[in-house]
S.K.: 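Before I ask anything, here is the structure I am working with.
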Amino acid sequence: MENLLYQGLQLTLLGMGTVFTFLLVLTFFTKGMSWIIVNLLPSGQPASVPLGATGDVDRQRLTAIIAAAVKQHKKSRLPHR
Amino acid sequence: MENLLYQGLQLTLLGMGTVFTFLLVLTFFTKGMSWIIVNLLPSGQPASVPLGATGDVDRQRLTAIIAAAVKQHKKSRLPHR
Amino acid sequence: MENLLYQGLQLTLLGMGTVFTFLLVLTFFTKGMSWIIVNLLPSGQPASVPLGATGDVDRQRLTAIIAAAVKQHKKSRLPHR
Amino acid sequence: MNQVIELWQTTGIYQIQWPQLVMIVIGLVLLYLAIKKGFEPLLLVPIGFGGILANIPGVDIATGAGILHQFYVMGIETGIFPLLIFMGVGALTDFGPLLANPKTLLLGAAAQFGIFATLLGALLLTDIGLFDFSIQQAAAIGIIGGADGPTAIYVAGILAPEILGAIAVAAYSYMALVPLIQPPVMRLLTTKEERGIVMSQLREVSQLEKITFPLVLLILVALVVPSAAPLLGMFCFGNVMRECGVVNRLSDTAQTSLINIVTILLGLSVGSKLQAEEFLVAETLGILGLGIVAFTIGTGCGVLMAKLMNAVTREPINPLIGAAGVSAVPMAARVANRVGLETNPNNFLLMHAMGPNVAGVVGSAIAAGILIQFAGG
Amino acid sequence: MNQVIELWQTTGIYQIQWPQLVMIVIGLVLLYLAIKKGFEPLLLVPIGFGGILANIPGVDIATGAGILHQFYVMGIETGIFPLLIFMGVGALTDFGPLLANPKTLLLGAAAQFGIFATLLGALLLTDIGLFDFSIQQAAAIGIIGGADGPTAIYVAGILAPEILGAIAVAAYSYMALVPLIQPPVMRLLTTKEERGIVMSQLREVSQLEKITFPLVLLILVALVVPSAAPLLGMFCFGNVMRECGVVNRLSDTAQTSLINIVTILLGLSVGSKLQAEEFLVAETLGILGLGIVAFTIGTGCGVLMAKLMNAVTREPINPLIGAAGVSAVPMAARVANRVGLETNPNNFLLMHAMGPNVAGVVGSAIAAGILIQFAGG
Amino acid sequence: MNQVIELWQTTGIYQIQWPQLVMIVIGLVLLYLAIKKGFEPLLLVPIGFGGILANIPGVDIATGAGILHQFYVMGIETGIFPLLIFMGVGALTDFGPLLANPKTLLLGAAAQFGIFATLLGALLLTDIGLFDFSIQQAAAIGIIGGADGPTAIYVAGILAPEILGAIAVAAYSYMALVPLIQPPVMRLLTTKEERGIVMSQLREVSQLEKITFPLVLLILVALVVPSAAPLLGMFCFGNVMRECGVVNRLSDTAQTSLINIVTILLGLSVGSKLQAEEFLVAETLGILGLGIVAFTIGTGCGVLMAKLMNAVTREPINPLIGAAGVSAVPMAARVANRVGLETNPNNFLLMHAMGPNVAGVVGSAIAAGILIQFAGG
Ligand code: NA
Ligand code: NA
Ligand code: NA
């Protein structure tokens, strides 16, 4: 039984060690990735006029409402028996 | 063969007996359940202003149309090949 | 190896022969089918007032938008965890 | 040259046999009925199409490693497809009208006599030597009278898979034919006065009752007829999802994409049982004949039960709604409504008929449990 | 007469045993908590209902060829259901807040100590002879502290399927109870000043970062903890589909019909493990007790880690968001936000808490990989 | 300490081998092409991602009990995934343009010569000792020229699963590259006058014709090439559901959630075949090389066939639409339209090109049937 507890402690050390190491490394890689994207790649900068995108979505919505309507109609049939 | 018909009659008696007993018992339990809910529990009474609920649905509809539109747009892509 | 190439040639002949024969026969059957439907069956003629159909779809759309909205609302719940 | 002969021998023209051609025509007829006549198209289009595929010679589709056979093995032999459909049907079912008038449950009980009368009929035909149905087959044929597709397929898949094709085709066809089969029986057994009976308006039912009812039903099934628990358990699960109001995204999926996907696969699987060697046998005619007997007797018993209840209880019941007890949801309820309107154009029976209609689903699932338990051995 | 006795012997009333009745009541209680109290209804409705079905006597539902057992075999034993859910969760996850403040990843690391403390607790209880948990069982119990349903089910399905039911019930129940469990711990470990810390607004994150991040995460997992790759691989796949913008119809399906279908089947499968003989054992009480310890310790460690980081780094972190590191997405982040508002009604921490919240998902998946690798033998 | 070494030995960094790293990079490149360049993203995102997962060392993902391997076994080995996709494609296909001008079916026939020329090429490369393709492998490579994903995967899964990964990657990549591959061939084989041919407007096609056509096609397949019946049967089934108008909820599901779910699973399954040991072999280069030959020859034959038909029949055909006969729906039709507009900005060929485009799907399914039948032994 002593053995089992000892195994558990080992597992805890390994586990927490790995979790911390992994997420620490991930933190650095994430920061590096963001730095590269934001500073070196032009496409990395967030859109300066997000309103444009919204407008685009609005147009899509209109198209989609019609499509959704047709689709929905197709569904409103007899129940499956 | 006589035996088979006899088996069938037994099955019919058992079956119809069970079906009737079950649904009769269910009738009583259902009545009891409804009586308890309607008379003893406050939440058991049907909403007195169902219009309110409808209004709520209406508001949901507006939100949903937009969502449905965006969703639908996502679908209207290339066919799968 | 000679054998393999020979097999390949046979396969090509069989394959292209079948593909052509099949699609040629299908062409004739399709023409026949269309001729029968258009000339012999009254229901075979395309709707003379396709606008009517569109109008019908429009009405469906209205019904469907509401349905889509309700449906969409149902979806916008908590994430699955 | 050899190769050309070999090619010729692989064609369907060379390999096809008359029975297969006949079955392909039957498949086309089913498609015609489904598409042009509106016969339960959601099932008969996949079944009919699957039936055609199952009779193409020289290729494994409904046999061996063929896709329809794989669907059959994974979904019908295991019972998964009909049970998932039943869950979806539960999610589509509103028990409100039943809860507003619980005694209509008894109409759903009476109409199940169609099941057992047909079972007896099948055994009688065996007794007189016309057919040779086993007790399992007779039970599976009887369940056609349950007028409920997934129940029939579930029971036939367990008791008599060899005649599942004929049973499913009979069940769905007669469900589609309910507007033709039922009215004569209904008119025969009722007077004009009875058909004109106006029923008192149904009370409104609270959400709490609707959530609690499937749980009460489930517990009763567990305590009384456990063998019906797979069917009614999935049904009640679907209904709880529908009514509880907190898992709408699950309920919605159970009612749409999930039931649609399973319907496609189930229909094709059933179609795989329309192979000529299994379907083009005398027994199929017997099954089709017995099936219509089942619907007729079920309808009659439902109507007579309503008349009996009128003799005993105070609040009047229009006996037409008894016919809806066979299930065939929602067709039979609509038929009751229509026949009622013939007599009194202001007497709308639809909601009243929905009670016995869904009660019929419960009733035939109970009967299915008994049959599986006692005829299954 | 014989037949009537036989019929009586097939009823549930005759066959049911006390433990099964107790489990049916527990199933009803779970449904009550899910429906009335809003306890993770998307999972607890199917689990509770499945638990009732699993305890109906005399019929195969959660055993043998029963449908729930089939679902279990096809989806949990294979790991397919939790992994598909994880894919859907990936498609539902926005890494934006995490990318805007990557150091919150460390909060998601600290909170995983709840997992290992609980593992140690389970082994200690075994050591003192109160229970008899194997190392696999202890690991599976610990993962409750990951506060992530699919991860817990995936790990328990591999390491200790015999206690999967209790683990899943504990995990989802405590996730639902996060608003009750966490705040006292959070208040105990922080001063009023700390709880009032205002964090600087998060920068906007570009789409390219959002597409690249799951790939970076995947590559790191592949290089460092391959045993976590099934879980995090499916998670990152879902997230790439979400963010890449060119497969929206797939991402949409992964987020709706697919995850809904799998949730129904997963819930029923988990319910099949609530059979009385497996669930009504002393170990279940131990598991439930240890589970709440796991949540408490995880919450505390997240908060303490935030305080430690405040001591070391410049930009201030409100320690409340450390509690969100346990995962329980999005409940724990909302709790952090609410407790923050108690102190400063203008201090909205929700978006700041979403970072550690999703980091907690990653952290517990890594821990799961380690446990499967080293406790799995 | 031992444990730390053991931990180190479980890392990917320790276990990974160069070929796996290369394959991970190839997976990333596929993702880049899919996301940034729009290369058939619906398939190449899952395939590329699956390819990365398949090359993570030290964990079962694409092998043993790994989830991708399970998907492969349940969906590709059985043929279920490509056939369900084909059903969905059938439900998405409008045969209207083909029915308005049935002789364009022959263009879809001619373009299939790409398949057989490539098959011969593969055998020639074997003959000269450069590669060692079996007749089954050569046939599977040839089917890349069918320019149809599910057909290629279905055939490769049956005839040569060991090269399925390369074949699928080639098929989808070249389908994405159609706008680059086809125009030079089209321009080379046509004069400016030919490219400017204006075609007469297509007549309107009735619904009855659209319902009847897939049934006529199915019956012909059953009678002539039964070995193509699984593919074309599912295709026609989807199309009947689409056109019949009475099962719209099934057709809708087949076109959306069902095809999306299967696409995700199919893509990951195909990705599981991108394991380094199977993919990083010289044969893959041969397959990629032969694939582009297949597309080129198919395009050329389609164009030449159109010119031949112009010489024989009265109503003029713009030879550019012959190139659409390779399939690659709808990309190849769009390419024909665009090249036509270069010559005459008012000559819209899109609808005219849709006829041969869908005919190409039928043609390559017929060719697939023949290959499975005669190269399968
Ligand atoms: Na019934
Ligand atoms: Na966690
Ligand atoms: Na093609």
Side-chain angles (χ1 to χ4, degrees), chain E residues 74-75 77-84 86-88 91 154 158 207-208 211-212 214-215 218-234 236-241 243-254 256-262 369-370 372-374 377, chain F residues 3 6-8 10-16 20-21 24-25 27-28 31-32 34-46 48-50 52-62 65-71 73-74 253 255-265 267-268 271:
Chain E
M74 80 175 62
E77 280 189 3
T78 61
I80 288 177
F81 289 167
L83 291 177
L84 285 179
F86 228 57
M87 180 180 80
Y154 182 74
I158 292 173
Q207 198 203 357
L208 186 54
I211 300 175
T212 315
L215 296 172
L218 175 72
I219 302 297
L220 268 183
V221 169
L223 292 180
V224 182
V225 205
S227 53
L231 275 171
L232 284 172
M234 292 304 278
C236 291
F237 176 51
N239 198 246
V240 165
M241 287 199 290
E243 301 294 356
C244 72
V246 291
V247 295
N248 288 339
R249 56 181 289 163
L250 302 186
S251 161
D252 177 58
T253 294
T256 56
S257 35
L258 181 52
I259 201 175
N260 290 342
I261 291 170
V262 178
I370 295 291
I372 290 169
Q373 180 85 45
F374 286 94
Chain F
Q3 288 270 320
E6 209 187 311
L7 176 64
W8 163 246
T10 67
T11 64
I13 308 173
Y14 177 85
Q15 294 183 81
I16 205 162
Q20 292 171 319
L21 258 183
I24 288 177
V25 171
L28 291 172
L31 287 179
Y32 174 81
I35 295 171
K36 197 80 183 179
K37 299 290 175 193
F39 273 35
E40 297 283 338
L42 290 170
L43 269 299
L44 286 185
V45 166
F49 208 97
I52 298 174
L53 292 177
N55 287 284
I56 298 179
V59 60
D60 270 349
I61 295 183
I67 187 168
L68 297 201
H69 185 61
Q70 291 190 54
F71 288 158
V73 169
M74 80 176 63
T253 294
Q255 290 174 38
T256 55
S257 35
L258 181 52
I259 201 174
N260 291 341
I261 291 171
V262 178
T263 300
I264 291 173
L265 301 180
L268 291 174

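Note on naming: letters A, B, ... go to the chains in the order of the sequence lines (proteins, then strands), and numbering restarts at 1 for each one. Owing to the predicted nature of the structure, the values given are computational and were not obtained by experimental measurement.
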S.K.: For E:L223, is it the side chain, the backbone, both or neither that has a heavy atom under 4.5 Å from a heavy atom of chain F?
M.R.: both
S.K.: I'd like to know if the side chain of E:E243 and the backbone of E:Q207 have a donor-acceptor N/O pair within less than 3.5 Å.
M.R.: no
S.K.: Locate the shortest heavy-atom distance separating F:A54 from F:G271; write the atom from each residue and the value.
M.R.: CB-O, 3.6 Å
S.K.: Pick whichever of E:G233, E:A254, E:G369 has the most heavy-atom pairs under 4.5 Å with chain F.
M.R.: E:G233
S.K.: When heavy-atom pairs shorter than 4.5 Å are enumerated against chain F, which of E:V221, E:T78, E:V225 gives the highest number?
M.R.: E:T78
S.K.: For E:N248, is there any backbone N or O sitting under 3.5 Å from a side-chain donor or acceptor partner on E:D252?
M.R.: no
S.K.: Identify which part of F:L21 has an atom lying under 4.5 Å from any heavy atom of chain E, answering side chain, backbone, both or neither.
M.R.: neither
S.K.: Could you have a look at E:A228, E:C236, E:G79 and say which one has the most heavy-atom pairs with chain F under 4.5 angstrom?
M.R.: E:C236
S.K.: F:I61, F:I264, F:L265: which one forms the most heavy-atom pairs within less than 4.5 Å of chain E?
M.R.: F:I264
S.K.: Looking at F:N260 and E:R249, would you say the former's side chain and the latter's main chain have a donor-acceptor pair under 3.5 Å?
M.R.: yes
S.K.: Give a yes or no on whether the backbone of F:A65 and the side-chain of F:Q70 come within a donor-acceptor separation of less than 3.5 Å.
M.R.: yes
S.K.: Looking at side-chain heavy atoms only, is the closest gap between E:Y154 and E:P230 below 4.5 Å?
M.R.: yes
S.K.: CZ of F:F71 to CD1 of E:I80: how many Å apart, nearest 0.5 Å?
M.R.: 5.0 Å
S.K.: Out of E:I211, E:L218, E:I219, E:L83, which one racks up the most heavy-atom pairs below 4.5 Å with chain F?
M.R.: E:L218
S.K.: Give the member of F:V45, F:T10, F:I16 that has the highest number of heavy-atom pairs under 4.5 Å with chain E.
M.R.: F:T10
S.K.: Can you tell which part of F:I261 gets under 4.5 Å to a heavy atom of chain E, answering side chain, backbone, both or neither?
M.R.: both
S.K.: Given heavy-atom pairs under 4.5 angstrom as the criterion, report whether the side chain, backbone, both or neither of F:Y14 touches chain E.
M.R.: neither
